[in-house]
Every structure is written in C-alpha cells, then in structure tokens.
Amino acid sequence: ALLAVRDIDGDEELVIANVTDLIRSDLERTVRHFRDAGADAGTVVFDSLHPRYSFIRQDADGRVIEAAERRPISRKATAGFYWFRHGSDFVRAAKAMILKDAQVDGMYFVCPTLNELILEGKTVLAAEVPADCYVPLKTAALVEEFRQTVERRLSGDAAAGHWPFVPAGDDITPR
C-alpha cells in the first residue's frame, strides 16, 4: 500500500481494501458510521478463528485496542477493509511499523498499522458484518466456488428479481 504514497493525500480520507475479498455490505454507510463516531481509523470484521486472517481485540466501549496478523486474539477477523480519517495517519503508522520490523513471515500487512495509531492515542473502531457477508477470493479454488454459488443463486433468484450479493436490511453492526 505504501507504493501509492505519492498518490495519498495526507489530509484526505483513505480507504484500503483487499481486492481478494468481497464484503457484501454497504461500505459507504460503514465509513459514515466511522466518521460520525469520531474515529481516526476503522475496519470491517466478521466472526472467524482461522489463522489466515488478521484480528482485532476491543475494549468494553468497542474501541479497537490491539490488532494482530495471522494470530487469533479474538473471534473478530478483519475483512480486508481499512478506513483512515487522514491518509497521513496510515503512512506514518506504516513507516513506524516497518521501522519496528513488525512483519509476519517476512511480509508487512495493513492491519498492524492500527496498533501504531492506538499507541498514538487515536480512536480505532470496527464494524461487524455477518460471516456469510464476507467472501474470500484468495485462491483459484475460492473464486471457482464463488462463481458456482453465484450461478446457482442467479438461476434460482433471477425469476424473483433478487440480487444475490447484498443482504437486505441492516447488515453492519458497530462494535
């Protein structure tokens, strides 16, 4: 993500989203929630313990107090969506994380930048989506499985006019 540093406006909001994840949720409403709550950063989470994900831990007030890469510190796995009130916060946090060598298996990830913001006293929040609203597309097999699911749903729901990707109703829960 830091390869785009020249394109990141330090004063503007920044969204970083994994292209290998599909989140079936109103992300615009999620960002509005983060803004309205006065957060400095936010992430979308879902229920999982699979160690391939990033995780967050929250305090009693719902603020994120720790982030971990590939280490389940809670049942709140990140869905690969990160919002920063200011692009400069992400850039500063990513550089600090790299200087501390906060890598996992020789790689750096976006999620642990939240730890740097927490250390600065910034407010980091999470919005939770149901686990079935998160679709990982990280491998050819997962993409093929999703393609087959979409085909089945389209053939069954097309006559009824249902869109198979976006759940109805209130699909995010501020946590």
Side-chain angles (χ1 to χ4, degrees), residues 1-48 52-71 73-74 76-130 133-138 165-167 170-175:
L2 275 180
L3 291 175
V5 70
R6 289 185 178 155
D7 297 317
I8 296 173
D9 183 329
D11 294 328
E12 293 295 317
E13 292 180 344
L14 175 67
V15 169
I16 299 174
N18 294 354
V19 297
T20 56
D21 298 310
L22 173 65
I23 304 169
R24 299 178 322 135
S25 180
D26 184 344
L27 295 174
E28 185 176 334
R29 189 171 74 204
T30 300
V31 168
R32 219 173 20 252
H33 159 69
F34 293 148
R35 281 186 203 125
D36 293 348
D40 297 296
T43 188
V44 174
V45 297
F46 65 100
D47 182 57
S48 180
R52 73 175 165 219
Y53 298 119
S54 303
F55 295 86
I56 56 118
R57 194 164 50 93
Q58 295 169 291
D59 67 12
D61 295 323
R63 290 183 303 254
V64 176
I65 57 172
E66 183 181 4
E69 188 64 39
R70 298 185 181 177
R71 187 170 48 92
I73 57 174
S74 75
K76 298 198 187 267
T78 64
F81 182 90
Y82 303 92
W83 169 84
F84 300 86
R85 182 174 297 277
H86 302 287
S88 59
D89 287 342
F90 164 73
V91 172
R92 188 178 60 258
K95 288 178 179 179
M97 182 183 74
I98 291 168
L99 286 173
K100 291 177 181 177
D101 197 29
Q103 47 84 21
V104 175
D105 297 329
M107 297 178 287
Y108 295 96
F109 295 88
V110 174
C111 186
T113 64
L114 301 177
N115 287 326
E116 298 303 321
L117 298 179
I118 293 163
L119 288 172
E120 292 178 11
K122 302 278 188 182
T123 300
V124 180
L125 298 178
E128 188 167 349
V129 296
C133 289
Y134 169 75
V135 182
L137 302 171
K138 298 175 186 320
F165 305 120
V166 180
D170 189 18
D171 59 340
I172 66 161
T173 306
R175 303 264 166 136

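We use all heavy atoms of the structure for the numbers below, so side chains are in, but hydrogens, waters and symmetry mates are not. As the structure is a computational prediction, the values presented were derived from the model and not from experiment.
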Quick check for you: to the nearest 0.5 Å, what is the distance between Arg71 atom CZ and Ser54 atom OG? 11.0 Å
Would you please test Ile118 and Glu66 for side-chain contact (heavy atoms from CB on, under 4.5 Å) and show each step? CA-CA 8 Å; Ile118 293 163; Glu66 183 181 4; 5.6 Å; no
Rounded to the nearest 0.5 Å, the CD atom of Glu13 sits from the CZ atom of Phe84 at a distance of 12.0 Å
Check: Ser74 side chain, Ile56 main-chain N or O, donor-acceptor pair, under 3.5 Å: yes
Keeping to residues at least two apart or across chains, list the salt bridge (Lys or Arg N to Asp or Glu O under 4.0 Å) pairs with something in residues 82-104. Asp89-Arg92, Asp89-Lys122, Arg92-Glu120, Lys100-Glu116
Shortest non-hydrogen contact from Pro112 toward Ala67: CA-CB, 4.5 Å
Evaluate the side-chain contact (heavy atoms from CB on, under 4.5 Å) criterion for residues Arg70 and Arg52: first the C-alpha distance (whole Å), next the side-chain angles of each, then the deciding distance (0.1 Å), finally the verdict. CA-CA 5 Å; Arg70 298 185 181 177; Arg52 73 175 165 219; 5.7 Å; no
Donor-acceptor contact below 3.5 Å, side chain Ser25 vs main chain Leu27: no
Determine the minimum heavy-atom distance between Leu14 and Gly87, stating which atoms define it. CB-CA, 3.9 Å
Compare every heavy atom of Gln103 with every heavy atom of Tyr108, then report the nearest pair and how far apart it is. CE2-CB, 3.5 Å
Value rounded to 0.5 Å, distance of CG in Leu125 from NE2 in His33: 5.5 Å
Does the ring center of Tyr82 lie less than 6.0 Å from the ring center of Phe90? no
Spacing of CH2 belonging to Trp83 relative to CZ belonging to Arg32, to within rounding of 0.5 Å: 12.5 Å
Is it true that a side-chain atom of His86 and a backbone atom of Asp11 form a donor plus acceptor pair closer than 3.5 Å? yes
Can you measure from CG (Leu114) to OG1 (Thr78) and round to the nearest 0.5 angstrom? 8.5 Å
For Phe34 and Ala126, the nearest pair of non-hydrogen atoms, with its separation, is CE2-C, 3.9 Å
Using atom types as modelled and distance alone, determine if a side-chain donor or acceptor of Thr43 lies under 3.5 Å from a backbone N or O of Phe81. yes
Check: Asp26 side chain, Glu28 main-chain N or O, donor-acceptor pair, under 3.5 Å: yes
Any donor and acceptor pair, going by atom type alone, linking the side chain of Thr20 with main-chain N or O of Lys138 inside 3.5 Å? no
Using the rule side-chain contact (heavy atoms from CB on, under 4.5 Å), only one of Val124, Thr123, Val64 pairs with Leu117; which is it? Val124
If you define the side chain from C-beta out and look only at heavy atoms, does anything of Arg63 sit under 4.5 Å from Gln58? no
Does Phe55 reach the side chain of Glu69, with side-chain heavy atoms less than 4.5 Å apart? no
Give the C-alpha distance, both sets of side-chain angles, the deciding distance and a yes or no for side-chain contact (heavy atoms from CB on, under 4.5 Å) between Leu2 and Ile98. CA-CA 11 Å; Leu2 275 180; Ile98 291 168; 3.7 Å; yes
Within the side chain of Asp21, is there an N or O that forms a donor-acceptor pair under 3.5 Å with the backbone of Pro136? no
What residues form a side-chain contact (heavy atoms from CB on, under 4.5 Å) with Leu137, not counting sequence neighbours? Leu22, Val135, Val143, Phe146
Rounded to the nearest 0.5 Å, how far apart are CE of Met97 and CZ of Phe109? 9.0 Å
